[in-house]
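Computed from a predicted model, the values in this text were never measured in an experiment. Order of the sequence lines fixes the chain letters, A, B, ..., with proteins taken first and strands second; residue numbering starts at 1 for each chain.
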There are 2 protein chains.
Amino acid sequence: MAQIKTYPRVMPTSECVDAALPLSALRVACSNCGLRDLCLPVGFSHAELVRLDGLVARRIRVYKGASLFRTGEPFEGLYAVRSGFFKTRTTSEDGREHVTGFQMAGELLGLDGLAADAHICDAVALEDSQVCVIPYAQLESVSHEFMTLQRQFHRIMGREIVRDHRVMALLGGMRSEERLATFLLNLADRLEARGFSPSSLVLRMTREEIGTYLGLKLETVSRCFSKFQSEGMLNVRQRQIQIVDRVALQALVAGASFKV
Amino acid sequence: MAQIKTYPRVMPTSECVDAALPLSALRVACSNCGLRDLCLPVGFSHAELVRLDGLVARRIRVYKGASLFRTGEPFEGLYAVRSGFFKTRTTSEDGREHVTGFQMAGELLGLDGLAADAHICDAVALEDSQVCVIPYAQLESVSHEFMTLQRQFHRIMGREIVRDHRVMALLGGMRSEERLATFLLNLADRLEARGFSPSSLVLRMTREEIGTYLGLKLETVSRCFSKFQSEGMLNVRQRQIQIVDRVALQALVAGASFKV
DNA sequence: CGTTTGCTTGACAGCATTCAACGTTGGTGG
DNA sequence: CCACCAACGTTGAATGCTGTCAAGCAAACG
């Protein structure tokens, strides 16, 4: 797993990840964050960005395998992924796990807690990660006097709903290969938006996690990977995925994907 | 697929066409609406309710089969179902339909439009219906000076996300019988909250619509109904459903449903 | 009253799951 | 440094659930 590190990080700025420097001492501000064009303040002017700086209370680390929050815990605020990778999951009464999403840098976690002031899923780090904490009280009061933020926040919640609807359509109507192809293309797009190669990616999750996200068993996921490779669409070596024939992958998804 | 109907689009203009009593003459106000304990203003005091009265611009009728809004149309606001029954659906490139939800009195439609200022699904009336129109601009400005409303609106969006996550879990992890049982119990609960019998219900949707909502084919839905009947859990006569053994239905779902 | 639409049921096929065995990788401790 | 272990991934064979195709029936509609 050592070679994951060789991938270029969209690396923010001065403020990061130096073990010598406690995070609490770092300047935590949207206005000088490298992710500002992906995260909450997309499209904000510099003046607007500065107004956001009071919003982010602090930044916290979540080590691989640890939970940022868990089902039932009180909702306190949202979390913006600063670096790393998360999954959100729910667990059924009989112990089956269902992954509801994967989140990477610039994406928000915790919206599920708005409904009942308590989280209804677990957010688990799939690698050592950092998140910015946006206390809900803060968000409420700042967006109260700052219309652009309010609008933006609504937009982000809307995006979450749209995303969920797409996943529902995927789970309800696609066959295994279409599901996996959709998943890979979506992942590639999001990575590309963050400055990574869109054709060469390293999965942060197991086959089983992909499976429960896509409504498939891990063996089915594995078989699909193998099939895509044998058909020359992918190169698969464990979690290292190379998209060889993007067009073919897209063609697989074309009919099943949804109109705008 | 040729028979996809071009249903008449509802005209959101001079609301209604009832000669005897134009809706415009009715008092359109949350403060004296019988649904206020189910709809947007759940839990509001009377004083707060009155502040909402400026929010609802007008009420419009949508006849059975007609669309309240369609994919691609500009987002203008939210709609609260006043009476009647809706489905929201998306359509894939190759013409397959996927139902993303069913909405009854007191529930909100249109949240999908927040993301991109355009709707990404169709809202179709399954019976003659009425909706209250809540222009987004209005909602924005009122909630700006009225914290309780802002909080409530966030809560409602959160609920939508939670609902979607439950559906995702259903689609990803349950077998056909569990899906249908979950669906029926959910429907019964919502009807009960509206003062209807929780054990005797009339479906407003076809087997096919249930199917695309649950990720099943209509034949499978039909077979499940028959099986539930033969096992004494339901009485099924077309769309008239009687829940005979609620406990058995719940037991079917128990293991698969999700922890709080 | 005939036509259309929706619902039910049967027979069969196919895709994904299940069960099982084996291979690979990375970490741990001797 | 190597051996071993645990977690993860791959593959095969068989089962089974759901989909597909088809026919017939019931209800709604004009």
Side-chain angles (χ1 to χ4, degrees), chain A residues 1-5 64-65 87 96-99 124 126-127 170-181 183 202-231 234-241 252 256, chain B residues 1-5 7 63-65 87 94 96-99 124 126-128 170-181 183 202-231 234-241 252 256:
Chain A
M1 212 46 76
Q3 61 274 47
I4 289 177
K5 301 266 159 70
K64 182 174 176 177
K87 69 173 174 182
R96 280 178 289 177
E97 171 175 329
H98 182 84
V99 172
V124 181
L126 297 183
E127 59 181 358
L170 175 146
L171 292 169
M174 294 189 189
R175 279 169 309 104
S176 60
E177 293 173 29
E178 296 171 328
R179 294 186 199 194
L180 188 62
F183 171 73
V202 178
L203 302 176
R204 299 288 140 85
M205 69 293 281
T206 67
R207 301 289 191 260
E208 180 164 26
E209 285 162 341
I210 298 173
T212 69
Y213 178 60
L214 297 177
L216 302 169
K217 293 295 161 186
L218 67 94
E219 294 94 331
T220 307
V221 174
S222 182
R223 273 185 251 273
C224 281
F225 272 124
S226 300
K227 181 156 189 245
F228 286 170
Q229 181 162 43
S230 76
E231 288 171 350
L234 297 181
N235 269 332
V236 182
R237 225 192 53 226
Q238 301 292 124
R239 299 195 184 178
Q240 309 255 2
I241 309 289
L252 198 53
Chain B
M1 288 299 145
Q3 62 276 47
I4 286 181
K5 295 273 177 58
Y7 283 115
Y63 293 101
K64 181 176 177 175
K87 68 172 174 183
D94 57 11
R96 280 177 290 177
E97 170 175 332
H98 182 85
V99 172
V124 180
L126 296 183
E127 59 183 357
D128 292 354
L170 176 146
L171 291 169
M174 293 189 191
R175 279 169 310 101
S176 60
E177 293 173 30
E178 296 171 329
R179 294 185 200 194
L180 188 62
F183 171 72
V202 178
L203 302 176
R204 298 286 139 83
M205 69 294 282
T206 67
R207 302 287 192 259
E208 179 164 25
E209 286 162 339
I210 298 173
T212 71
Y213 178 60
L214 296 178
L216 302 169
K217 293 296 159 185
L218 69 93
E219 294 93 334
T220 305
V221 174
S222 181
R223 271 186 253 271
C224 281
F225 271 125
S226 301
K227 181 155 191 244
F228 286 170
Q229 182 162 43
S230 77
E231 289 173 348
L234 297 182
N235 269 333
V236 183
R237 223 190 55 224
Q238 300 292 121
R239 299 195 184 178
Q240 310 256 1
I241 309 291
L252 198 54

_With B/R239 via salt bridge (Lys or Arg N to Asp or Glu O under 4.0 Å) - residues at least two apart_ = none

*Which whole-number value in Å describes the distance from A/E219 CD to D/dA14 P?*
17 Å

*Just to confirm, is there a sub-4.0 Å distance from OP1 or OP2 of D/dT18 to any side-chain nitrogen or oxygen of B/T220?*
no

*Kindly say whether B/L214 contributes a backbone atom to a donor-acceptor pair with the side chain of B/R179 at under 3.5 angstrom?*
yes

*Measure from CG on A/L171 to P on C/dA16 and round the result to the nearest Å.*
13 Å

*B/S226 side chain: which of C/dT8, C/dT9, C/dA16 is closest?*
C/dT9

_Which residues pass the side-chain hydrogen bond (donor to acceptor under 3.5 Å, both in side chains) test with A/E97, not counting sequence neighbours?_
A/K87

*What's the CD-P distance between A/E209 and D/dA7, to the nearest Å?*
14 Å

_Minimum-distance nucleotide to B/K217 side chain [options: C/dT8, C/dT18, D/dT20]_ = D/dT20

*Rounded to the Å, how far apart are B/L214 CG and D/dG19 P?*
11 Å

*Indicate whether OP1 or OP2 belonging to D/dC8 is found under 4.0 Å from a side-chain N or O atom of A/R239.*
no

*Whole-Å gap separating P (C/dT25) and CZ (A/R207)*: 13 Å

*Contact summary for A/T206 and A/E209, nearest pair of heavy atoms*: N-OE1, 2.9 Å

*Report yes or no: does B/R207 contribute a side-chain atom to a donor-acceptor pair with the main-chain N or O of B/E219 at less than 3.5 Å?*
no

*B/V236 side chain: which of D/dT20, C/dC15, C/dT8 is closest?*
C/dT8

*Give the rounded distance in Å between these two atoms: NZ of A/K227 and P of C/dC15.*
9 Å

*Where the side chain of A/S176 is defined as all heavy atoms beyond and including C-beta, which of D/dT11, C/dA16, D/dG19 is the nearest nucleotide?*
C/dA16

*Would you mind reading off the distance between A/Q238 atom CD and D/dA7 atom C1', rounded to a whole angstrom?*
11 Å

*B/E178 CD - D/dC17 P separation (whole Å)*: 12 Å

*Within 6.0 Å of CD in B/E208, more than 12 heavy atoms from elsewhere*: no

_Rounded (10°) bend between the five-pair end axes of the helix from C/dC1-D/dG30 to C/dG30-D/dC1_ = 40°

_So B/G211, base contact, sugar-phosphate only, or nothing? Heavy-atom distance under 4.0 Å._
nothing

*Is there a donor N/O on one and an acceptor N/O on the other, under 3.5 Å, for the side chain of B/R223 and the base of C/dG10?*
yes

*B/T206 side chain: which of C/dG6, D/dT18, C/dT9 is closest?*
C/dG6

*Base, sugar-phosphate, or nothing: which does A/L216 touch, judged by heavy atoms less than 4.0 Å apart?*
sugar-phosphate

*Where do A/Q240 and A/V202 come nearest, in terms of heavy atoms and distance?*
OE1-CG2, 3.8 Å

*asked:* Tell me the closest heavy-atom pair linking B/V99 and B/Y213, and the distance in Å.
replied: O-CD1, 3.3 Å

